[in-house]
Amino acid sequence: MNPERYAQIKKRFVDFADEHIAPRSADRDRTGSFDHKLWQRLSDSGFWRLGVPRDLGGDGGGIWDQVAAFEGLARGANDCGFVLSAAAHAGLMQLLLRHGTVEQQKRLLPGLMSGQVGATASTEASGGSHVAGIKTSAVRDPDGAFLLSGEKSHITNAPVADVVMIVGRVPAAGPKDITLFLVEKGQGGLTFGEHEDLLGLRTSPLGPIALDNVRVTEERLVGGVGEGLDKLYWCLTFDRLIYGIVVASHVERLLHLAADRSLRRQAFGAPLAAHQYIQDKLVRMKLTIEASRALAHVALKALDSGAPSASSLASCVKLLSAEGIVDASMELVQIFGHIGTEKSYGIERHLRDAVAFKIAGGTNEMQKKNIFKHVMREFQGELPEEV
Ligand SMILES: Cc1cc2nc3c(=O)[nH]c(=O)nc-3n(C[C@H](O)[C@H](O)[C@H](O)COP(=O)(O)OP(=O)(O)OC[C@H]3O[C@@H](n4cnc5c(N)ncnc54)[C@H](O)[C@@H]3O)c2cc1C
């Protein structure tokens, strides 16, 4: 990582998000809407070309450029829903860059860099935590292509998606059968559901996907048959450290609001900031910011170099930052007192948005499970997979 380049890219997208994304974020939250024009503007800004090699139409930088751009985007946007939609899209792009074939990259990345929307779909109505328990499955047709059927649930970007990576299985392959399928809008048998009405992150379109014998040829698999789980976990690791980056930047924004209010509001003849119980809240916000960012960078370094610790480190970031953003937004409401609960003031939105950070990208309990599994590996050997 080149710190100067990182800072430059971050600043570029703080300014972009501040100018274009923040101004109407509260309106979009109220109406629960995703802004296509804004998405196109983000694409036109070159956001998606960062981290993509030049021969594929990108700017030629690495994964750190993309992460720097996210740090800036989340700092300026004042809109965690929009930023997490971008994170879901980035997950698909990074998966293609790391694990896709050259043919897949050449076919899909130009569209994904210039306004199309991507998604990754694992969760089903029967449960999201037990990834290996998914039911969506494929059989071969006489031509050797796969016919994929099943239902995905609660998928970021699904209502507006152009390209989706579907996590499915090929039962005929035997016990190791989890496989990643690329599907595209307009394919027969593929239906995207409506934008769901959510508590928070309402600017991110979330919905179901139905697959009824969708035909997927072998060259549309990411990895081979049965090679999906490792690649999915790579994608989840990237996703989880991005959550850490988003939290660090967004909570920085919350800390500014909290500090400003604490200095202006008087209680017992002094600014709120003079009271130690209030100071403690600001200090905890600062800890979330610094710890989330630093740990996300450590996890990214591990992921980028292929170190086995990346998965556990990314779970540590995800867990710490999700707890941190819920705590920070709750304390922000507390510092603002009755105004904090008033819808028109815009403070309560941060708390509604924060709740899903403990669920999306793998719940906090699943992060603990993953961290514990790695601790056991390190010190005592393995526990049975399904404990
Ligand atoms: C905003 C948002 C965006 C999302 N985007 C996507 C997306 O793009 N793609 C996608 O595939 N999914 C997405 N999801 C779904 C998300 O991944 C799942 O909600 C999550 O994995 C949990 O699955 P579940 O909701 O089915 O809960 P369940 O798996 O039913 O779990 C319910 C509760 O039980 C706990 N639990 C389960 N098993 C255990 C255990 N062994 N030990 C202890 N506790 C346990 C869980 O932690 C959870 O608290 C999104 C969710 C949200 C909220």
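Keep in mind the model is a prediction, meaning the values are calculated, not measured. Both ligands and their constituent atoms are indexed starting at 1 by order of listing.
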Qualifying residue, where the test is side-chain contact (heavy atoms from CB on, under 4.5 Å) with L182 and the options are L92, T217, L95, L221: L92
Looking at L206, which atoms of ligand 1 are within less than 4.0 Å of one of its heavy atoms? 3 (C)
Quick check on contacts: which atoms of ligand 1 are under 4.0 angstrom from a heavy atom of T120? 7 (C), 8 (O), 9 (N), 10 (C), 11 (O)
Nearest non-hydrogen contact with atom 41 (N) of ligand 1 belongs to which option: K369, H130, K368, K358? K369
What atoms of ligand 1 come closer than 4.0 angstrom to any heavy atom of S122? 10 (C), 11 (O)
Give a yes/no on ligand 1: does G127 have at least one heavy atom closer than 4.0 angstrom to it? yes
Would you check if there is a donor-acceptor pair between the side chains of H338 and Y345 at a distance under 3.5 Å? no
Does the side chain of S204 pick up a donor-acceptor pair with the side chain of S85 at under 3.5 Å? yes
For ligand 1, which part of T123 has a heavy atom less than 4.0 Å away: the side chain, the backbone, both, or neither? both
Classify the angle between the aromatic ring planes of W48 and W39 as parallel (below 30°), tilted (30 to 60°) or perpendicular (above 60°). tilted
For residues F13 and V52: do they belong to one hydrophobic cluster (side chain heavy atoms under 4.5 Å, members Ile, Leu, Val, Met, Phe, Trp, Tyr)? yes
Would you mind running through ligand 1 and noting each atom that sits below 4.0 Å from a heavy atom of I359? 19 (O), 20 (C), 53 (C)
Identify which of H154, E196, Q367, R202 has a heavy atom lying nearest to atom 53 (C) of ligand 1. H154
What distance do L180 atom CG and R220 atom CZ have between them, rounded to the nearest 0.5 Å? 15.0 Å
Could you tell me how the ring of F238 sits relative to the ring of W234: parallel (under 30°), tilted (30 to 60°) or perpendicular (over 60°)? parallel
Please compare G200, G207, S129, A161 and report which has the shortest non-hydrogen distance to atom 27 (O) of ligand 1. S129
Show which atoms of ligand 1 fall inside a sub-4.0 Å distance from at least one heavy-atom site of T363. 22 (C), 46 (C), 47 (O), 48 (C)
Determine whether the side chain, the backbone, both or neither of A88 has a heavy atom under 4.0 Å from any heavy atom of ligand 1. neither
Below 4.0 angstrom from a heavy atom of L201, which ligand 1 atoms are there? Numbered from 1 as shown, please. 1 (C)
Does some non-hydrogen atom of A121 fall short of 4.0 Å from ligand 1? yes
Establish, yes or no, whether a centroid distance under 6.0 Å links the rings of F70 and F47. yes
Do the rings of F34 and F82 sit parallel, tilted or perpendicular, given the 30° and 60° boundaries? parallel
